[in-house]
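Heavy-atom basis, side chains included; hydrogens, waters and symmetry copies ignored.
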Amino acid sequence: MKKILVFLADGFEEIEALTPVDMCRRAGMDVKMVSIKDSLDIMSSHSIPVKADILLDDADIDAADMLVLPGGGLGTENLKKCDKLLEILKEADKKEMYLSAICAAPSILGELGLLNGRRACCFPGKEDSLKGAEYVPGAKVVKDGRFITARGMGASVDFGAAIITQLLGSEKTEEILRQIQYHI
């Protein structure tokens, strides 16, 4: 069973996190929402409380197939302040794990230098933070090797679909998109 860890910080964009979580769980993956705080209780960018599944200290990073960073301006800034998460991302890159980020969160990967030589997209206005990457203007989702980046909330279903395709293949993706009545 494929395992995904989705990292949550206060101020995360709920649709960007919960849509891929929902879609990947429908696809049969083991998805854990990971709080980077000392509490499972996370407040989204629109004041919707969400309870994470596990704390960062309890996350089995080595067992994960993919690490996912949802966006949201404040959420992204809070993720950037978590030194332990930044170290995890750098180590995951060295181990050639799949890394995905949406909206403002690709800036984290860019600022860590992980997108060097890669194509990527992000929320408009955050392009300068994609250090060393080729920004793809107008793209909803960009997959380049082990990396998936997405533009923002409106691309959340496409982002979830790209994650499923990466880990389970396009047949499973099409099945899930039919289930949720997303026209492909």
Side-chain angles (χ1 to χ4, degrees), residues 1-9 12-36 42 44 50 52-54 56 59-72 75-76 79 85 88-89 91-93 95-110 112 114-115 118-123 126 130 133 136 138-184:
M1 177 181 290
K2 298 293 183 181
K3 297 177 188 279
I4 298 175
L5 299 177
V6 179
F7 297 94
L8 301 181
F12 77 96
E13 165 46 62
E14 48 278 295
I15 302 302
E16 295 168 1
L18 299 179
T19 296
V21 167
D22 177 283
M23 291 175 68
C24 291
R25 285 182 178 173
R26 286 173 190 256
M29 291 188 242
D30 178 7
V31 183
K32 297 284 188 262
M33 295 185 297
V34 182
S35 170
I36 65 160
I42 308 289
S44 78
V50 173
D53 299 306
I54 57 176
L56 183 57
D60 186 354
I61 306 300
D62 292 329
D65 295 292
M66 183 179 287
L67 307 181
V68 179
L69 304 174
T76 297
L79 289 174
L85 175 61
I88 287 169
L89 293 170
E91 282 302 309
D93 183 56
K95 294 177 182 176
E96 298 189 348
M97 291 178 70
Y98 292 111
L99 299 172
S100 299
I102 185 170
C103 191
S107 68
I108 299 169
L109 301 178
L112 289 174
L114 306 183
L115 295 176
R118 306 249 181 217
R119 297 170 63 244
C121 66
C122 61
F123 191 80
K126 294 287 185 184
L130 301 179
V136 182
K140 287 169 71 173
V141 176
V142 175
K143 181 192 170 303
D144 190 335
R146 300 176 291 107
F147 294 86
I148 299 170
T149 53
R151 185 179 179 110
M153 186 187 96
S156 295
V157 171
D158 298 284
F159 182 59
I163 291 169
I164 295 169
T165 299
Q166 183 71 55
L167 296 178
L168 299 178
S170 59
E171 223 174 273
K172 181 54 98 173
T173 303
E174 290 171 22
E175 175 189 324
I176 299 305
L177 291 175
R178 278 192 304 276
Q179 278 181 13
I180 66 170
Q181 300 298 297
Y182 188 80
H183 300 287
I184 54 175

Compare all side-chain heavy atoms of Phe12 with those of Ile42 and state whether any distance is below 4.5 angstrom. yes
Give the C-alpha distance, both sets of side-chain angles, the deciding distance and a yes or no for side chain to side chain contact (heavy atoms under 4.5 Å, CB included) between Ile163 and Cys24. CA-CA 8 Å; Ile163 291 169; Cys24 291; 3.6 Å; yes
Quick one: are Leu167 and Tyr98 in side-chain contact, heavy atoms under 4.5 Å? yes
Is there a side-chain contact between Phe7 and Leu56, using heavy atoms and a 4.5 Å cut-off? yes
Do you know the tightest heavy-atom contact between Ala52 and Met33? CB-O, 3.5 Å
Taking all atoms of both residues into account, what is the closest heavy-atom pair of Ala59 and Ile54, and its distance? CA-CD1, 3.7 Å
Do Ile108 and Leu85 come close enough that some side-chain heavy atom pair is under 4.5 Å? no
Mind checking the CE-CD spacing from Met153 to Glu13? Nearest 0.5 Å is all I need. 6.0 Å
For Ala155 versus Val141, what's the shortest heavy-atom pair and its separation? O-CG2, 4.3 Å
Is Ile88 close to Leu67 at the side-chain level, that is, under 4.5 Å between some pair of heavy atoms? yes
Determine whether Val142 and Phe147 make a side-chain contact, defined as any pair of heavy atoms from C-beta on separated by less than 4.5 Å. no
Closest non-hydrogen atom pair between Leu168 and Ala27, with its separation: CD1-O, 3.6 Å
Would you say the side chain of Asp65 lies within less than 4.5 Å of the side chain of Met97, judging by non-hydrogen atoms? no
Any side-chain heavy atom of Arg146 sitting closer than 4.5 Å to one from Arg118? yes
Rounded to the nearest 0.5 Å, how far does CD1 of Ile15 lie from OG of Ser44? 9.0 Å
Let me confirm one number: the CG-CG distance from Leu89 to Leu109, rounded to the nearest 0.5 Å. 6.5 Å
Between side-chain atoms of residues 99-106 and protein atoms elsewhere (two or more places apart, or another chain), which donor-acceptor pairs fall under 3.5 Å?
none

Rounded to the nearest 0.5 Å, how far does CG of Asp93 lie from CG of Leu114? 4.5 Å
If you round to the nearest 0.5 Å, how far is CZ of Arg26 from CG of Leu177? 10.5 Å
Would you check, one step at a time, whether the test side chain to side chain contact (heavy atoms under 4.5 Å, CB included) holds for Val68 with Leu5? CA-CA 6 Å; Val68 179; Leu5 299 177; over 6 Å; no
Checking side-chain contact (heavy atoms from CB on, under 4.5 Å) between Met23 and each of Val31, Thr173, Val157, which is the one that passes? Val157
Counterpart residues, side-chain hydrogen bond (donor to acceptor under 3.5 Å, both in side chains), relative to Asp158 (two or more places apart): Lys140, Tyr182
Passes side chain to side chain contact (heavy atoms under 4.5 Å, CB included), Leu8 versus Ser35? Steps please. CA-CA 5 Å; Leu8 301 181; Ser35 170; 5.6 Å; no
Test of understanding: with salt bridge (Lys or Arg N to Asp or Glu O under 4.0 Å), list the residues that count as partners of Lys172, not counting sequence neighbours. Glu175
Report the residues that fulfil side-chain hydrogen bond (donor to acceptor under 3.5 Å, both in side chains) with Gln179, sequence neighbours left out, ordered by chain and then residue number. none
Please check this pair: side chain of Glu16 against backbone of Gly71, looking for a donor-acceptor N/O pair closer than 3.5 Å. yes
How close do Leu79 and Pro70 get, heavy atom to heavy atom, and via which atoms? CD1-O, 3.8 Å
Considering all heavy atoms, the nearest Leu115-Ala120 contact: CD1-CB, 4.1 Å
Residue list, side-chain hydrogen bond (donor to acceptor under 3.5 Å, both in side chains) with Asp30, at least two apart or on another chain: Lys3, Lys32
Out of curiosity, Leu18 CG to Arg25 CZ, how far, rounded to the nearest 0.5 Å? 9.0 Å
Check the pair Met66 / Ile148 against side chain to side chain contact (heavy atoms under 4.5 Å, CB included), numbers first and verdict last. CA-CA 10 Å; Met66 183 179 287; Ile148 299 170; 4.1 Å; yes
Test of understanding: with side-chain hydrogen bond (donor to acceptor under 3.5 Å, both in side chains), list the residues that count as partners of Asp60, not counting sequence neighbours. none
